[in-house]
2 protein chains.
Amino acid sequence: MLNPFDDTYFMRKALQEAEIALAKGEVPVGAVIVCNEQIIAKGHNQVETLNDATAHAEMLAFTAATNYLGSKYLKDCTLYVTLEPCQMCAGAAFWAQIGKIVFGAADAQRGFQHWHCQVHPKTEVKGGVLAEESEALLKTFFERMRRN
Amino acid sequence: MLNPFDDTYFMRKALQEAEIALAKGEVPVGAVIVCNEQIIAKGHNQVETLNDATAHAEMLAFTAATNYLGSKYLKDCTLYVTLEPCQMCAGAAFWAQIGKIVFGAADAQRGFQHWHCQVHPKTEVKGGVLAEESEALLKTFFERMRRN
């Protein structure tokens, strides 16, 4: 039987978070953290809303997930994020020792892989899940920015 | 006339924050952020207290400083931190475009310079300020850990 809770399913949930960010005028990036096929934390980019350069979707989701679990480690969790994490978020993933990172679109400018940043050696990384949907949201945002 | 508000002065304030962390049983790292010779934010490592792997002294100080200034950028600010920032905190410093980073002890294991991580090209970096005092606090912490 097919498992409905696959990477695409959870990435769609992360894309919903990105849409919330877009509606707020934020760069549309969304994230969810999943443990045992359950979403335990959600986050969307809130850099402008909170006036805080550290308020990336992943950072907010990490803090919410560790709060939910009562543990600073997320070894049995998967982060789904619509855009490749940056150096800061990869660093946070390192400290949280997250089990797996699944991202959507690659980020050739600020992505951790392009910057040769490290995640924890036990962290599995997979990119390109619903990348086109993520890129479409980002394109919508930047086209709006140019018009304003 | 000598300026009493030099790097040593502010690093002592960061060391006081590190001492607060030590008293809480945290790895003793402290930080202050300074703008126009005034401390606008303080932070100490709270990873254990908050059960949050992202709760490094610098991260908490960045969020407090941007909240104080009402700006996501810290271009005219200096971060004083007792230990060389990690990849995550260097990434946060990049996004905040902080003017200057002054750190105490180098961190050969997790320091951003050892990991070849980037800060903003306009960010000035200076290490080694009161490094021995910072190392002494860290040594005290790890000796206590080994005894328990």
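By convention in this document, chain letters (A, B, ...) are assigned in the order of the sequence lines, proteins followed by strands, and residues within each chain are numbered from 1. Every value quoted in this text rests on a predicted model; they were computed, and no experiment measured them.
Taking all atoms of both residues into account, the shortest heavy-atom contact from B:K100 to B:V102 is CE-CG2, 3.8 Å. In plain terms, the two heavy atoms of A:F10 and A:E37 that are nearest each other are CZ-O, 3.6 Å. Taking both residues in full, the closest heavy atoms of B:A61 and B:A41 are given as O-CB, 3.5 Å, listed atom of the first, atom of the second, then distance.
Of all residues in residues 105-128 of chain A, those placing a non-hydrogen atom less than 4.5 angstrom from a non-hydrogen atom of chain B are A:R110, A:W115, A:C117, A:Q118. When the heavy atoms of residues 20-30 of chain B are compared with those of chain A, none of the residues falls under 4.5 Å. Scanning residues 63-91 of chain A against chain B with a 4.5 Å non-hydrogen threshold yields A:T63, A:T66, A:G70, A:S71, A:K72, A:C86, A:Q87, A:M88, A:A90, A:G91, sorted by number.
Open room surrounds CG on B:N36; 12 or fewer heavy atoms of other groups in view lie less than 6.0 Å from it. Counted within 6.0 Å of CD on B:E143, heavy atoms from surrounding residues, nucleotides or ligands total more than 12; the atom is thus considered enclosed.
In terms of heavy-atom pairs under 4.5 Å with chain A, the best-connected choice from B:F94, B:F62, B:W95 is B:W95. By number of non-hydrogen pairs under 4.5 angstrom with chain B, the leading residue of A:A93, A:A96, A:A53, A:A55 is A:A53.
Following chains of ILVMFWY side-chain contacts shorter than 4.5 Å, one cannot reach B:F142 starting from B:V47, and the two form parts of different hydrophobic clusters. Residues A:I40 and A:L60 do not share a hydrophobic cluster, clusters being chains of Ile/Leu/Val/Met/Phe/Trp/Tyr side chains in contact below 4.5 Å. B:V129 is connected to B:V34 through a chain of hydrophobic side-chain contacts under 4.5 Å among Ile, Leu, Val, Met, Phe, Trp and Tyr, so both are in one cluster.
The closest side-chain heavy-atom distance from B:E133 to B:M11 is not below 4.5 Å. Residues A:Q46 and A:D52 have side chains not in contact (no heavy-atom distance under 4.5 Å, counting atoms from C-beta outward).
With values rounded to the nearest 0.5 angstrom, B:K13 atom NZ is found 4.0 Å from B:Y9 atom OH. Atom CE of B:M59 sits about 4.5 Å away from atom OG1 of A:T54, to the nearest 0.5 Å.
For chain B, the nearby part of A:E48 is the side chain; its heavy atoms alone come within less than 4.5 Å.
B:K42 pairs by the salt bridge (charged side-chain N to carboxylate O under 4.0 Å, His left out) definition with nothing, not counting sequence neighbours.
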